[in-house]
Amino acid sequence: MSLGRVQRHAAVVSKVQALRGKLLKPVDYAKALQTDDLIGLLRQWYPDLPASGGIYELEMAFMRKFQEEIEPIYLYYTFAYREVLKRIFMRFEIERVKRALRYLTTHDESPHPPILLSHILEHVDEELFQKAETYQQLADAMKYPPYRKIVLSMKAMDEDRLFHAEMSLDKEYFRGLVDIRDKLDPIDREILLEAVGVHVDMLNLNWIHRAKATFAITPEEIFNYTLSRGKRIGIKQQRALSYLSLKELDDWIAHSAYHTVFDGNPLGQEARIEGYLYRTLRALEKAHPMSLAPLISYLHEVEYQMRDLDMIVEARDYQVDIYHELLGKQVGAWR
Amino acid sequence: MAIEKMKMLNIVLPKQDVYPVLRQVSLKERVEMIDAQRAIDETSFLLTATVENAEVIQELAEVGAYTMPTDADRLSDQLAAILVGTNWKPTLDVTSLDKTYDYTELEQQLTSYNLRLAAIEQERQALRPYAILAELGMDMPLDRMAQMEYLTYRVGLIHPASYQRLRLNAENISAMFLRLGTYRRQEVCLFVYPKILETETERILLSVQFDEIVFDPMFYAIDAGTTPTRLRALRAEAEEISRRKESLLDLHKEAIDGLFTKAKLDKQLEEVAAMIGQSENFAYLSMWVPADRVEPITQMIRSMSEAIIGAYGSAEARSIEHAPTSLKNNRLFRPFESLVLMYDVPNYHELDPTPFFAIAYTVLFGAMFGDLGQGLIILLAGLLMVHKWQMAFGGLLVRLGAASMIFGFFYDSLFGFEHVISAIVGWPIFFYPFENTNLVLIAAIMVGLFLLIVGYGYGIINKYKLGDIDGMLLGKTGLAGLILFLSLLLSLLPMVVDVSVPSFITWPVVIISALLIVLKEPIGNALRKEDRLFDQGLGEFLTEQLFELIETFLSMFSNGLSFIRVGAFTLSHVGLFVAFHTLADMIGGAQGAVSMAIVGNLLIIVLEGLVVFIQGLRLMYYELFSKYFVGQGRRFKALKLEEK
């Protein structure tokens, strides 16, 4: 192991280990799902949370908490590695832009999704974002031209194609991440491409399956929306899968390396995707303890935990028993 | 050389007089506004009750928020319209406030320039797509292509990864496509497809995030190859117009500065209005003013309005808010105020620590960094900062540089070379630290002890001024502390110099003063005839006092000894040069001597200068300020026009 790599990553790896210790354990999830005083329990873990509040306030509080913990890590790195971190942080931002688009597209009664944006990226004007009630207003909140372009393309469409924006945003994220690879040292480059490759494979399979089952779109469009740089499913394979029928696709998946993730049961599929990715990242971390792997792996854990906490709070607010039961099978399942 | 005495002025005047009065006061005087509305709401707005004031006092019960009728928005909009599209920066010019300017001609000329600039920009936008074609060496018959009956076309940018997908799946795409080249890391592609397949093709293009290049029909017939030349000409014309605009603005500088100043002033007064209260007929203002300006300000206001004015001292005003601190020092000491304020804002009632700080810090810095040549460099750097860049920090460097020069002269040190000055001057007045190390270290401690004694003196006076009589007499930084410190010094004196101080005198004094410090709380409570002697239980009191006493002895010892660093730095300053001289000898020749002299001096000025600067501050803050500085004051924020 070169001294340069140890020097570069030692502080971040120590920080990540310390922060990881603060993440919730499976037993905590079980407690959260059973307790009658959810807020009281959450406040035991996170004393800064508001004493009373709905989903919105709690989501904001979770975001703020994790952001305060994660963002300082940026300062531990220099030059190209800061760029990588910026690209990784974009994931949180993109997920929130997607939620805002979902809100505008479905026009349902749900509250405007909360957002707390990275101060390091400054890609989105937080105030305008919070107020956006139309695509144009949302586009005006976007300071990063690719986001703006994607949001505006939604405005120009005469039909709701939320998937177009979602897949375009994902493309933007992964392209940006891969574009920076040459500035990293060989081990980190390998880790980044491995992590991206597995993630892309699963997102592509999920997309092709969903597109065939749900949307009336042509195989050409399905293929064009797939993401590049998959690990096991290359561009030619992606094309072939795009032209299969749903039944043929299911058969193909059943014989692929990802059959445990896509087992035909839609319930908990997202958690299984996350679980697979999580295990891949942890394996990378184990193989390369002084690298980018611990940080990437930890950031995914944070993302999943944040989502889990939101789901638990949501379940409390809607008080639906069956939902609660289903929830129990998904929360923390990525571990 | 003190903390400026402040008075609170409470003013009641007819509402229509507020704007002219406040405008005049803010331009001519130094005042800090107080939230009069809050004071009125809390019924603490001070006003002397007289028969003449009856109506005013009656209306106090119905005071609401005041709105200042100003022109701020209109003036700001007018200024923004004049400066649009330029980087021209107006400056404040209060002399222009009383003049009137006609902006009609300026605005008309600017409008004609702006219209032309907008037309140029429109043409540039329309030509840019054609310039892309020119860059790719393409020229397409766009006018004829637009007339196609069954087919249509699109040109645009696609990410290389998406283009790869299109190529791989070309046989299934509902359009023919041709890669025209690469532009800014994107593929430029031409798509041609039947009009009846437009919907399908649109969807395909959408799925590859196609970024269309739209050609303005007005230029269909243009030869694409000529567009770069035309774009250059347009850019040159736009630059020329911008230059003319800037010249025009320069020509009308006084008028624009006047507009800017009026807009800023009105905006500032609008903001201040939130602190003014109003009733049906009157406006209520409250402000802090320097005590010596009360009379001139009162006269100025009375000359403009039939105002009722009351002036109140800080003690009367205390129920509303504490008086702000404004340091007032002569030119010699003023630069040191920033270092004092860096620690904390002095309390309004305490002695201004700046003069003592300035003298002590300058002496310590000079002693630690004594060199005639290097001091001169620091002094010159300071002068440059002050006169060229108007940096207040430069003033500090000038003084520290001068101190370094004075000490350097007596150390006989010029850019690290000793005996140069003595060779020129010839008098036996020089002192060589390296040859008198013990003396240097002892002198440093002696100077430190003297400064600490002065510090105790400041502490005693401050406590008296703040009404803390217990602390003044019995506190560890009060009189008892000073006596303890002096008696300890006397008892330790025989260890340093050959004098004998009878221990039957010093030790009882040490014990008595220490006991007084320990018993400060019960003695104070007893003298004030409080119900109980101890604020907490006896056990807790004794434990706390025991540790406090140990800490008092330790800090007295460490505070004094801490000043040994002054001597150490004096020696290390010389020592560093010895090191550089040795390096120069090792390199050998004139080249080595010159290079080492330059590098050595540069390193010492920058690095050692910084270290000495910080160490000096440390001594002032931790050893001395802890003895007397009260702090927790609030800086006086004068209402004044600012450019930002």
Side-chain angles (χ1 to χ4, degrees), chain A residues 145-179 181-182 196 200 204 207-208 211 215-230 233-243, chain B residues 121 124-125 128-129 132 151-179 182-216:
Chain A
Y147 290 174
R148 187 178 161 77
K149 212 176 268 180
I150 292 166
V151 175
L152 280 176
S153 70
M154 291 292 287
K155 185 190 163 201
M157 266 179 248
D158 52 5
E159 56 182 319
D160 286 343
R161 283 195 151 206
L162 188 57
F163 65 80
H164 161 75
E166 290 185 341
M167 295 308 285
S168 302
L169 284 166
D170 279 342
K171 266 190 191 214
E172 183 58 37
Y173 169 67
F174 285 111
R175 273 175 191 165
L177 209 50
V178 170
D179 279 352
R181 67 188 183 278
D182 290 337
V196 167
V200 160
N204 277 340
W207 155 246
I208 297 171
F215 309 126
I217 59 173
T218 62
E220 292 78 33
E221 288 174 84
I222 295 176
F223 173 50
N224 286 342
Y225 279 119
T226 51
L227 306 166
S228 299
R229 295 231 160 238
I233 309 172
I235 186 167
K236 286 185 181 162
Q237 188 71 58
Q238 288 169 9
R239 178 172 173 258
L241 295 178
S242 302
Y243 282 88
Chain B
E121 187 51 33
R124 284 170 74 183
Q125 291 289 352
R128 270 192 195 117
I132 296 175
L151 296 175
T152 187
Y153 77 96
R154 307 273 292 272
V155 178
L157 304 168
I158 296 178
H159 190 278
S162 297
Y163 175 70
Q164 194 192 358
R165 282 167 196 278
L166 281 179
R167 267 189 54 193
L168 196 68
N169 209 16
E171 72 273 17
N172 294 319
I173 305 290
S174 55
M176 290 185 293
F177 60 94
L178 176 68
R179 179 182 167 275
T182 305
Y183 180 75
R184 293 186 184 170
R185 297 170 65 195
Q186 302 269 306
E187 306 295 355
V188 184
C189 295
L190 165 69
F191 289 81
V192 181
Y193 50 92
K195 284 181 179 171
I196 52 165
L197 292 177
E198 188 158 9
T199 311
E200 290 83 343
T201 311
E202 292 276 334
R203 285 182 165 191
I204 295 283
L205 293 180
L206 190 66
S207 66
V208 287
Q209 291 86 43
F210 177 74
D211 187 5
E212 187 171 10
I213 299 172
V214 181
F215 296 95
D216 188 330

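Quick caveat, the model's predicted, so the values are computed rather than measured. Lettering of chains follows the sequences in order, A, B, ..., and the numbering in each one begins at 1.
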What option among A/Ile150, A/Thr226, A/Ile217 has the most heavy-atom pairs under 4.5 Å with chain B?
A/Thr226
B/Glu200 side chain reached by A/Thr218 side chain, heavy atoms, under 4.5 Å:
no
Output for pair (B/Ile173 CD1, A/Glu220 CD), nearest 0.5 Å, gives 5.5 Å
Presence of salt bridge, B/Glu171 and A/Arg239, under 4.0 angstrom
yes
Which distance, rounded to the nearest 0.5 Å, do you find between the CG of B/Leu206 and the OH of A/Tyr225?
4.0 Å
Quick check on the structure: residues of residues 166-176 of chain A within a heavy-atom distance below 4.5 Å of chain B, by number.
A/Ser168, A/Lys171, A/Arg175
With the side chain counted from C-beta on, respond yes when A/Tyr243 and B/Asn172 share a heavy-atom pair under 4.5 Å apart, and no when they do not.
yes
Got a sec, which residues hit side-chain hydrogen bond (donor to acceptor under 3.5 Å, both in side chains) with B/Glu202, two or more places apart in sequence or on another chain?
B/Arg154
Residues from residues 161-170 of chain B approaching chain A under 4.5 Å (heavy atoms)
B/Ala161, B/Ser162, B/Gln164, B/Arg165, B/Leu166, B/Leu168, B/Asn169
Does anything in residues 185-198 of chain B reach chain A? List residues with heavy atoms under 4.5 Å apart, or say none.
B/Arg185
Which one, A/Gln238, A/Arg229, A/Lys236, A/His164, leads in non-hydrogen pairs under 4.5 Å with chain B?
A/His164
With a 4.5 angstrom heavy-atom cut-off, which part of A/Leu227 approaches chain B: side chain, backbone, both or neither?
backbone
